[in-house]
2 protein chains.
Amino acid sequence: MNSEKIRALLAGVDLRATTQRVALLKELLEQAHPLSVEKLTQGMGNALDTATVYRTLDTFEEKGLVRKVELAQGRALYEHAGEHHHHIVCTECGVIQDVDVCLPKSVQGTVQRASGFANVNEHALEFFGVCKKCA
Amino acid sequence: MNSEKIRALLAGVDLRATTQRVALLKELLEQAHPLSVEKLTQGMGNALDTATVYRTLDTFEEKGLVRKVELAQGRALYEHAGEHHHHIVCTECGVIQDVDVCLPKSVQGTVQRASGFANVNEHALEFFGVCKKCA
DNA sequence: TCCTAGATGCAATTCATTCGCATCTGGATA
DNA sequence: TATCCAGATGCGAATGAATTGCATCTAGGA
């Protein structure tokens, strides 16, 4: 993914293409799985300040560029917001993998009726197991 | 729920029935929904030290008495481990409600085959929406 | 090229959670 | 029932992710 495409992505959501934003978005696109702020920062050679990474990720999330994934104990993970999908986590080593399984479409409607909520917009689904390497 | 029953629950999982454990378990059973450590402590009149609450909840979790629910931003919630169920969270006010919807039984098997994991033991499923009051 | 709203870096802060350690106590034993 | 001690608790200090205040810098339009 070259810089121009990344700058176009930023322009598409009305964000100034700062050096830091380009670097961070590139990192998120290249590492196509959920990453902690620490890993992201390391991946960019510690060039960005931690506070900047947090603020930028928040901005990206508001613009729909990234998704925040709360899987790990005590630290948030972020991934580029491609198509809707879920994850499976190894309870031994913590490795995270995408899965393409999702809920039957009818479920959110069922939940809405059963819960009495005015509407149901999203869901999060994670599986936990043991990966081959750890088994 | 009287103290004797609670002491029996503790004995059933080989835990000493201390004043603190009885109080905490009682609180968890009476408030039948996920609670933060802060709410739990308040609910017991701030009688227990925070560190004790954390340590006791960890112990309860190991023994299968409580389940830790990671829903809120930056703070864990705990609920008495009754039967397997999921939650729906209001994205406006944060209220959490149980839902009895679950995945079709076949899904974990599908995930196992698709992911290449050695086994799939658990899953977490949360819905997000807007409750009637906030709509 | 100039100008400024917005972005960044740095340091200090917040806040949930954990830990070290001295003291206390449940419950088994004599 | 009195004694004893492994395990539990309280307190305070420490940790670590995340946030914030503020001075400085810069992207990008004028």
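In what follows, every chain begins at residue 1, and chains take the letters A, B, ... in the order their sequences are listed.
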For [X] and [N], what is the distance between atoms [atom1] and [atom2] respectively, to the nearest whole Å?
{"X": "B:E38", "N": "C:dC15", "atom1": "CD", "atom2": "P", "value": "10 Å"}
{"X": "A:L48", "N": "C:dT8", "atom1": "CG", "atom2": "C1'", "value": "10 Å"}
{"X": "B:E70", "N": "C:dA16", "atom1": "CD", "atom2": "C1'", "value": "12 Å"}
{"X": "B:K68", "N": "C:dA16", "atom1": "NZ", "atom2": "C1'", "value": "11 Å"}

Would B:E79 and B:R67 count as a salt bridge (charged side-chain N to carboxylate O under 4.0 Å, His left out) here? Give the steps.
CA-CA 6 Å; B:E79 67 179 347; B:R67 189 179 298 131; 3.2 Å; yes
Would you confirm whether [X], through its side chain, and [Y], through its main-chain N or O, come within 3.5 Å as a donor-acceptor pair?
{"X": "B:K63", "Y": "B:V13", "value": "yes"}
{"X": "B:R21", "Y": "B:T56", "value": "no"}
{"X": "A:H85", "Y": "A:E83", "value": "yes"}
{"X": "A:E122", "Y": "B:G129", "value": "no"}

Does OP1 or OP2 of C:dA7 have a side-chain N or O of A:T59 closer than 4.0 Å?
no
Return yes if the base of D:dG7 and the side-chain atoms of B:R55 contain a donor-acceptor N/O pair under 3.5 Å, otherwise no.
no
Is a side-chain donor-acceptor pair under 3.5 Å present for A:H80 with A:H33?
no
Nucleotide nearest A:R75 (side chain, heavy atoms from C-beta), chosen from C:dA16, D:dT9, D:dA17
D:dA17
Salt-bridge criterion met for B:E38 and B:R75 (N-O under 4.0 Å)
yes
Let me check the geometry of the helix from C:dT1-D:dA30 to C:dA30-D:dT1. What is the bend angle between the axes at its two ends, five pairs each, to 10°?
30°
Which value, rounded to the nearest 0.5 Å, describes the distance between B:L28 atom CG and B:L65 atom CG?
9.0 Å
A:H86/B:H123 under ring-ring contact (aromatic ring centres under 6.0 Å, His included): CA gap, chis, key distance, verdict:
CA-CA 11 Å; A:H86 301 292; B:H123 63 264; over 10 Å; no
Listed in order of residue number, which residues of residues 6-25 of chain A have a non-hydrogen atom at under 4.0 Å from DNA chain C?
A:R16, A:T18, A:Q20, A:R21
Using the closest heavy atom to pick a nucleotide of DNA chain C for each, name whichever of B:G74 or B:D49 lands nearer the 5' end.
B:G74
